[in-house]
Undergrad: 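Please find one structure pasted underneath; my questions will follow.
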Amino acid sequence: MPSWVMESIPLFPLNTVLFPGGHLPLQVFELRYLDMVGKCIAADRPFGVVALLDGAEVRQPERLETLSDVGTLARVRDWAAPMSGLLHAECVGERRFRVIRSERLKNGLWTAEVEVLEPDQAIAIPVELQDTADALGGLIRALQDGPQGAQGLPFAAPLLLDECGWVANRWCELLPIERDQRQRLLMQDNPVLRLELIQDMLAERGMLG
């Protein structure tokens, strides 16, 4: 699918990086985001998740946030409102986007015109990178054998252990790396190169057989 432009989508700046296919649980309590997420649920449309380069997730009127210019669309798959003023939302990452221009509204909500980027090509795992997929498969089996079973997986199905982009993205979420490093990996358009970078990180940590 080619890229296309979406006008005026709401943004949710976070101290994390969402990848396509990733699972994002949110506890929403700020009025601006309660309203924004509620409208997205009602219209079944996504919002944009971008990493905070500077600033705080909770609004500080005297401080302006600095946002990454590449993020990921997020769609609410399930939600609950256990009490007034609190929303639990289970979201999944869809396609990446690049911010063309953004605006902070009076209520503190960011909106942006974005270019939605092409998804990763479905490239099979090369032989020299198969150890990264094998290691991820072993980790997934261990999580599935745990007390929460498949519910304990920190990402959404289907499991595409034979695709470079999917395997790289899941490691990007699981590895204990800095947010800025995750953001650079998100911005890497080539899924094979992204997986090669992950292989280097796993090897450095002694996580490959």
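Just so you know, residue 1 is the first one in the sequence shown, and it goes up from there.
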Undergrad: Got a donor-acceptor contact below 3.5 angstrom from the E163 side chain to the G165 backbone?
TA: no
Undergrad: Any non-hydrogen side-chain atom of R184 less than 4.5 Å from a side-chain atom of Q181?
TA: yes
Undergrad: Are side-chain heavy atoms of V167 and L195 found at a separation under 4.5 Å?
TA: yes
Undergrad: Are D35 and K39 close enough for a salt bridge, meaning some N to O gap below 4.0 Å?
TA: yes
Undergrad: Should Q199 and L208 count as side-chain neighbours, where that means a heavy-atom distance under 4.5 Å?
TA: yes
Undergrad: Does one hydrophobic cluster hold both L109 and L31, with members joined at side-chain heavy-atom distances below 4.5 Å?
TA: no
Undergrad: What I want to find out is whether R194 reaches D120 closely enough, with some N-O distance under 4.0 Å, to be called a salt bridge.
TA: yes
Undergrad: Applying side-chain hydrogen bond (donor to acceptor under 3.5 Å, both in side chains), can you list everything that pairs with D134, at least two apart in sequence or on another chain?
TA: Q130
Undergrad: Is the shortest side-chain heavy-atom distance between C164 and T132 below 4.5 Å?
TA: no
Undergrad: Heavy atoms, side chains only, cut-off 4.5 Å: are W110 and P10 in contact?
TA: no
Undergrad: A side-chain contact here means heavy atoms from C-beta on lying under 4.5 Å apart; do W166 and I125 qualify?
TA: no
Undergrad: Quick one: which of L67, L14, T16 gives a side-chain contact (heavy atoms from CB on, under 4.5 Å) with L52?
TA: L67
Undergrad: Should V92 and L24 count as side-chain neighbours, where that means a heavy-atom distance under 4.5 Å?
TA: no
Undergrad: Do you know which two heavy atoms are closest between I140 and L159, and how far apart they sit?
TA: CG2-CD1, 4.0 Å
Undergrad: Taking all non-hydrogen atoms of both residues into account, name the closest pair between L18 and A74 and its distance.
TA: CD2-CB, 3.7 Å
Undergrad: Can you tell me how far CG of D131 sits from CG of L202, rounded to the nearest 0.5 angstrom?
TA: 8.0 Å
Undergrad: Can you confirm whether more than 12 heavy atoms, excluding those of R77, are under 6.0 Å from its CZ atom?
TA: no
Undergrad: At their closest point, which heavy atom of V99 faces which heavy atom of A112, and how far apart are they?
TA: CG1-CB, 4.1 Å
Undergrad: Could you label the plane-to-plane angle of the F12 and Y33 rings as parallel, tilted or perpendicular, counting under 30° as parallel and over 60° as perpendicular?
TA: parallel
Undergrad: Identify whether the distance between the nearest side-chain nitrogen and carboxylate oxygen of E94 and R75 falls below 4.0 Å.
TA: yes
Undergrad: Which one of R98, R179, Q183 satisfies the side-chain hydrogen bond (donor to acceptor under 3.5 Å, both in side chains) criterion with S68?
TA: Q183
Undergrad: Between R170 and F19, what is the shortest heavy-atom contact and its length?
TA: NH2-CB, 3.9 Å
Undergrad: List the steps, then state whether side-chain contact (heavy atoms from CB on, under 4.5 Å) holds for V49 with L11.
TA: CA-CA 6 Å; V49 172; L11 299 180; over 6 Å; no
Undergrad: Evaluate the side-chain contact (heavy atoms from CB on, under 4.5 Å) criterion for residues I198 and C172: first the C-alpha distance (whole Å), next the side-chain angles of each, then the deciding distance (0.1 Å), finally the verdict.
TA: CA-CA 7 Å; I198 290 295; C172 288; 3.8 Å; yes
Undergrad: Check for a donor-acceptor pair, side chain of R45 on one end and backbone N or O of I41 on the other, with a separation under 3.5 Å.
TA: no
Undergrad: On a heavy-atom basis, which atom in F97 and which in V114 lie closest, and how many Å separate them?
TA: CD1-CG1, 3.6 Å
Undergrad: If you compare all heavy atoms of V76 against all heavy atoms of C91, which two are closest, and at what distance to 0.1 Å?
TA: CG2-SG, 3.9 Å
Undergrad: If we only count heavy atoms from C-beta on, is the V5 to E113 side-chain gap below 4.5 Å?
TA: yes
